Amino acid sequence: METTLAYLTIAIVLAALLINTIATQIARARRDSIVLRNIRAYAAMPQYIGESLETDRPVHFSFGSLTPGGVAAPLTLANAETFTLLATRTTYGTNTPLLTTSEVATLPIGYDILRRAYRTQGRLNQFQIGAVQWYPDGARSLAFAAALTAAMADRRTGANILLGGFGSELALILDAATRRGQRAIAASDQLDGQAIAYAMSDELLVGEEMFVGGAYLGGRAAQTGAVVSLDTLRVLLILTLGFLALDQLLQGALLAQLARMLNVGGGG
Amino acid sequence: MRRLLAILASVITIVVGIITIGDLTIGLPFSNGAVAAVFLRLAVITLAFLIMAGVLNLLIVHIGRIAGRERGFPYSIILLISAFAVVGLWLAGRTDINTILLNSVQVAIESSLAALVLFALVYGAYRLLHRRLSWAGGLFILTVCIMLVTALPLTEIGALTDVRNWLMTVPVSAGAHGILLGIALATIVTGVRILVGQDRSYRE
């Protein structure tokens, strides 16, 4: 890696580490005073699960094409946390939830989510091994979408929580859910999938909101601290972009002035 | 015992994570990228082995459905027959038949599904107007209409084509970058949480 880029990467990671540590400590000390902004999708999820339990229908969770090996690994783990918290609520029902993925590497995580959910409630004997299902996605993920719509129909799912990697095939899945009167919340790390989720999902989650399910559904101090860290980094990014845009308008005068100040400081 | 294993998992994750990020960025003096490469290769090999777990999962799920006479079990029978036929043909060296099956069945079905995506999306946009009548929803529908109209090969809509080009290069590009930057920031925060052992997903 190029030296400047390498040091910039290290600096960003260290800054994130520092902000996360401070934010977590603040969240621990002032747990009740931190109010998270309202995200309707996270408020709706427990409600949809409650409705599914009342109507004796299973809940469907899907990772799509997310995989723990690669750049999507943090999102996979964040969604695993969200699914675990939601799956724990479904264990009171008679139906085992359905968890689907098109990436074979996510299968062990899927099993772990449901096993942990049932173990937390002391009902591990109710866990069914067929509840986690892998459907290969083929060249364009359409085979996965077709399999998913069939599974949703066969299991008569009450709610579908689809957080992960979905492309335009998400339209078929959400359309099938609508036609059968099933609730659906969807979000994707792919832009075309996200656009479709915006138009067709019952409630909306966009971009980084997918990562904070733990804080909204669990509420541990570390999870709340992550949301505070994310918001702080977002503000820093906005300020940096604003500074660079202003510098562009002033034809590089701001950056030149900053470099002069640093040189004076360094020389002094 | 479980607690001990959880601590061990945390320690391994933190150590491997820090070594990998250090080695990939500044290059540790004793390895200069070699250790990170070994870790990444190990991850890839592990993921490759999981394909067997996937096949096993497919068999367990569909044999279970057939045994339990669950709704839609005939499809499971077809799926298992197809899977075994493909493997059998491959073992028999008849990959030409597999290619024909793929081209004439799989690709044809996927193409027809791809054609359905447009109708599902237009219906979804129509539903959006019913469900969430807001300025954002209206803007979304207007944009979809402009995109669809300008996709037509008509010379009379030249002005609209300019609007489409502007939409694609300015607001769409800005929005896409905004979403991707948000995801990147959240990825960094989640990565840091894993590095310091705050994420519980791998240690319970």
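A, B, ... follow the sequence lines: proteins, then strands. Residue 1 opens every chain. Because only heavy atoms are used, hydrogens play no part in the values below, and waters and symmetry mates are left out as well, while side chains stay in. Here the structure is a predicted model, which means the values were calculated and not measured.
- Checked for salt-bridge contact, A/E209 and A/R37 meet the test: a charged N lies under 4.0 Å from a carboxylate O.
- Interface remark: A/T24 contributes side-chain atoms only to the contact with chain B (heavy atom separation under 4.5 Å).
- Taking all atoms of both residues into account, the shortest heavy-atom contact from A/L66 to A/E103 is O-CB, 3.4 Å.
- Contacts of A/L233 with chain B are made by both backbone and side-chain atoms, with heavy-atom separations under 4.5 Å.
- Taking both residues in full, the closest heavy atoms of A/A131 and A/L114 are given as CB-CD1, 3.7 Å, listed atom of the first, atom of the second, then distance.
- Both the backbone and the side chain of A/V13 have a heavy atom closer than 4.5 Å to some heavy atom of chain B.
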- Could you check A/L204 against A/R40 for side-chain contact (heavy atoms from CB on, under 4.5 Å), going step by step and ending with a plain yes or no? CA-CA 7 Å; A/L204 190 62; A/R40 283 172 54 183; over 6 Å; no
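- Only the side chain of A/L241 comes within less than 4.5 Å of a heavy atom in chain B; its backbone stays farther off.
- Side-chain atoms of A/F63 and A/L163, non-hydrogen and from C-beta on, never get closer than 4.5 Å to each other.
- Looking at A/W134 and A/T106, their side chains never come closer than 4.5 Å, going by heavy atoms from C-beta outward.
- Annotation: side chain of B/T143 is in contact with side chain of B/L167 (closest heavy-atom distance under 4.5 Å).
- Neither the backbone nor the side chain of A/L174 comes within contact range of chain B; no heavy atoms are under 4.5 Å apart.
- Per-residue counts of heavy-atom pairs under 4.5 Å with chain B were compared for A/I19, A/V132, A/I12; the largest is that of A/V132.
- Proximity to chain A is limited to the side chain of B/L180, based on heavy atoms less than 4.5 angstrom apart.
- Counted by atom type alone, B/N57 and A/Y111 present one or more donor-acceptor pairs between their side chains at under 3.5 Å.
- Of the residues considered (A/A105, A/G225, A/A146, A/A176), A/A105 shows the highest number of contacts with chain B, using heavy-atom pairs under 4.5 Å.
- Counting all heavy atoms, side chain and backbone alike, A/A226 lies closest to A/N20 at CA-OD1, 4.0 Å.
- Residue contact with chain B, scored on non-hydrogen atoms closer than 4.5 Å, involves the backbone and the side chain of A/S168 alike.
- With chain B as partner, the option from A/M210, A/R156, A/R155, A/R234 having the largest number of non-hydrogen pairs under 4.5 angstrom is A/R156.
- Of the atoms belonging to B/A43, not a single heavy atom falls under 4.5 Å from chain A.
- When A/A73, A/A145, A/A153 are compared by the number of non-hydrogen pairs under 4.5 Å with chain B, A/A153 comes out ahead.
- B/V144 has its side chain out of reach of B/L121: every pair of non-hydrogen atoms, C-beta onward, lies at least 4.5 Å apart.
- Contact count versus chain B (heavy atoms, under 4.5 Å) is highest, among A/G207, A/P68, A/P74, for A/P74.
- Heavy-atom distances place no part of A/V212 under 4.5 Å from chain B, backbone and side chain included.
- The choice from B/I188, B/I179, B/L40 that makes the most heavy-atom pairs within less than 4.5 Å of chain A is B/I179.
- Heavy-atom distances place the side chain of B/V189, and not its backbone, under 4.5 Å from chain A.
- Heavy atoms only, all atoms of each residue included: A/P108 and B/L50 are closest at CG-CD2, 3.7 Å.
- Within residues 88-97 of chain B, no residue has a heavy atom under 4.5 Å from a heavy atom of chain A.
- Closest of all the heavy-atom pairs between A/A143 and B/E110 is CB-OE2, 3.7 Å.
- In this structure, B/P171 and B/W166 have side chains that are in contact, with non-hydrogen atoms separated by less than 4.5 Å.
- Ring-plane geometry between A/Y118 and A/F127 is classed as tilted, the angle between the planes lying from 30 to 60 degrees on a 0 to 90 degree scale.
- No part of A/L75 comes within reach of chain B, as not one of its non-hydrogen atoms sits under 4.5 angstrom from that chain.
- Within the 4.5 angstrom heavy-atom criterion, atoms from both the backbone and the side chain of B/I51 approach chain A.
- Stacking of B/R69 on the aromatic ring of B/F73 is recorded, both the 6.0 Å distance cut-off and the 45° axial limit being met.
- The candidate with the highest count of non-hydrogen atom pairs below 4.5 Å against chain A, out of B/G72, B/G175, B/A186, is B/A186.
- Heavy atoms closer than 4.5 Å to chain B are found nowhere in A/Q128, neither backbone nor side chain.
- Of the two parts of B/A184, neither the backbone nor the side chain holds a non-hydrogen atom closer than 4.5 Å to a non-hydrogen atom of chain A.
- Not one N or O on the side chain of B/S10 forms a donor-acceptor pair closer than 3.5 Å with the backbone of B/G197.
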